[in-house]
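Just follow the structure's listing: the first ligand is 1, and inside any ligand the first atom is 1. Hydrogens, waters and symmetry mates are skipped; everything else that's a heavy atom, side chains included, is used.
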Amino acid sequence: MPKEYAIAVIPGDGIGPEVVREGLRVLERVASIEGFRARTTMYPFGADHYLKTQEILPDRAFSEIGEQDAILLGAIGDPRIEVGLLEFGIIAKLRFDLDLYVNLRPVKLYAEHLCPLKDKKPADVDFVVVRENTEDAYAGMRGFFKKGTPDEVATQEIIFTRKGVERVIRYAFELARRRGGRKKLTLVDKANAVRAMDLWTRVFAEVGREYPDVSRDHAYIDAATMWCVKNPEWFDTVVTSNMFGDILTDLAAMIQGGLGIAASGNIHPGRVSLFEPIHGSAPKYAGKDVANPLAAIMAVSMMLDYLGQSRAAARIEESVAELLRSKQIPSLGSDSGLSTSRIGQLVLESVEQPRVPA
Ligand code: IPM
Ligand code: MN
């Protein structure tokens with residue numbers, strides 16, 4: 001019997017359904033090539049479903065989703081709906097309530113011409129950001145006092161727990177070790193101004209002693225954004241808090257060619273985990289067949305790697321890399337001249353080619 005994986009699919013809003021459709025075509029094709037099966041269950045959650053039913057992510061569906069092997073998500077967000085309602089009701093709920101404490105965001109330049117930085121080559125842009133995914137200002141401990149008056153006070157607490165900081169730092173050390181290469185882990189924080197981040201400083205040093213083979217580096221978030229543009233080759237593995245990771249990885253996505261390629265995994269090792277493009281729902285491109293599906297396709301690759309199908313994952317990654325290097329897919333924006341389905345088709349044809357795994 002071939003191995004079978006249960007995948008919950010939430011295409012979501014805007015361009016989500018279009019790019020996920022291409023991701024699923026690629027998933028099915030590599031599954032048949034590599035000899036495993038993906039049993040997908042589609043979930044309708046997102047703006048249209050909310051407007052029709054007032055449902056965001058009902059408990060029953062949540063627990064059903066939580067019992068599968070992995071989740072593939074397109075994008076959530078719609079201008080017709082109150083800011084943050086669906087983002088928090090769907091994405092953040094899944095991250096928090098499934099305790100997906102690692103947000104893994106690889107930053108890899110596949111072809112020199114895609115990089116907006118002068119003289120940077122694929123070897124210079126190849127790092128991974130480990131973003132804490134369950135704490136910080138995202139925890140939602142907020143309030144308004146005297147709302148709407150001239151005396152209004154608005155607060156939102158930044159929270160870090162010892163347990164939360166330690167587990168994500170440990171994951172990052174393990175990853176730096178596993179990546180081989182330079183075996184270097186950079187802690188990115190703002191401990192000079194946000195003194196609560198002293199917790200990160202101490203835990204980083206403590207856990208680091210268990211990984212003598214991994215060299216430790218540090219940068220404040222403001223400097224890290226500068227290095228990201230000036231000397232991205234200095235980074236190998238980066239660990240940071242939730243909000244800094246959010247910001248840093250949009251910048252990092254640009255140096256790997258843009259949001260058209262950047263994918264991420266929301267992971268709790270050993271448990272159901274969620275994979276998604278970093279880009280949003282881009283409502284203005286929705287339904288036009290112009291959105292680039294490569295980020296969703298790369299999310300499928302990350303998901304397969306997580307599920308233990310590393311050959312299938314590498315097959316997708318190598319195919320995408322080759323299509324970019326050869327300029328069969330000339331650029332990563334909506335202006336590539338290729339439709340969403342055409343790009344999907346090119347990847348489908350490319351994964352058929354026999355290749356040495358990356
Ligand atoms: C991301 C997104 C989300 C975040 C939003 C949609 C809440 O920007 O996945 O990076 O801030 O985490
Ligand atoms: Mn973001």
Is there any protein N/O under 3.5 Å from an N/O of ligand 1, and what does the full list of such pairs look like?
from     : atom 1 : to     : atom 2 : distance (Å)
ligand 1 : 8 (O)  : Asp246 : OD1    : 3.3
ligand 1 : 9 (O)  : Arg95  : NH2    : 2.7
ligand 1 : 9 (O)  : Arg105 : NH2    : 3.0
ligand 1 : 10 (O) : Arg105 : NH1    : 3.3
ligand 1 : 10 (O) : Arg105 : NH2    : 3.1
ligand 1 : 10 (O) : Arg131 : NH1    : 3.3
ligand 1 : 10 (O) : Asp246 : OD1    : 2.9
ligand 1 : 11 (O) : Tyr138 : OH     : 2.6
ligand 1 : 12 (O) : Arg95  : NH1    : 2.7
ligand 1 : 12 (O) : Arg131 : NH1    : 3.4
ligand 1 : 12 (O) : Arg131 : NH2    : 2.8

Exercise for review: Return yes if some donor-acceptor pair links the side-chain N/O of Thr240 with the main-chain N/O of Val188 below 3.5 Å, else return no.
Suggested key: yes
Check your understanding: Does Arg29 come within less than 4.0 Å of Glu352, counting only side-chain N to carboxylate O?
Key -> yes
Review point. Using the ring of each side chain (for Trp, its six-membered ring), is Phe127 parallel, tilted or perpendicular to Phe235, with breaks at 30° and 60°?
Key: tilted
Practice item. Establish, yes or no, whether the cationic atom of Arg271 lies under 6.0 Å from the six-membered ring centre of Tyr306 and within 45° of the ring axis. Key: no
Considering only distance and modelled atom types, tabulate donor-acceptor pairs under 3.5 Å from the side chains of residues 147-154, sequence neighbours left out.
from   : atom 1 : to     : atom 2 : distance (Å)
Thr149 : OG1    : Lys146 : O      : 2.8
Thr149 : OG1    : Asp151 : N      : 3.1
Glu152 : OE1    : Gly148 : N      : 2.7

**Study point:** Geometric class of the Tyr211/Phe173 ring pair [parallel <30°, tilted 30-60°, perpendicular >60°]
**Key:** parallel
**Study point:** N, O or S of Asp246 under 2.8 Å from the Mn ion (ligand 2)
**Key:** yes
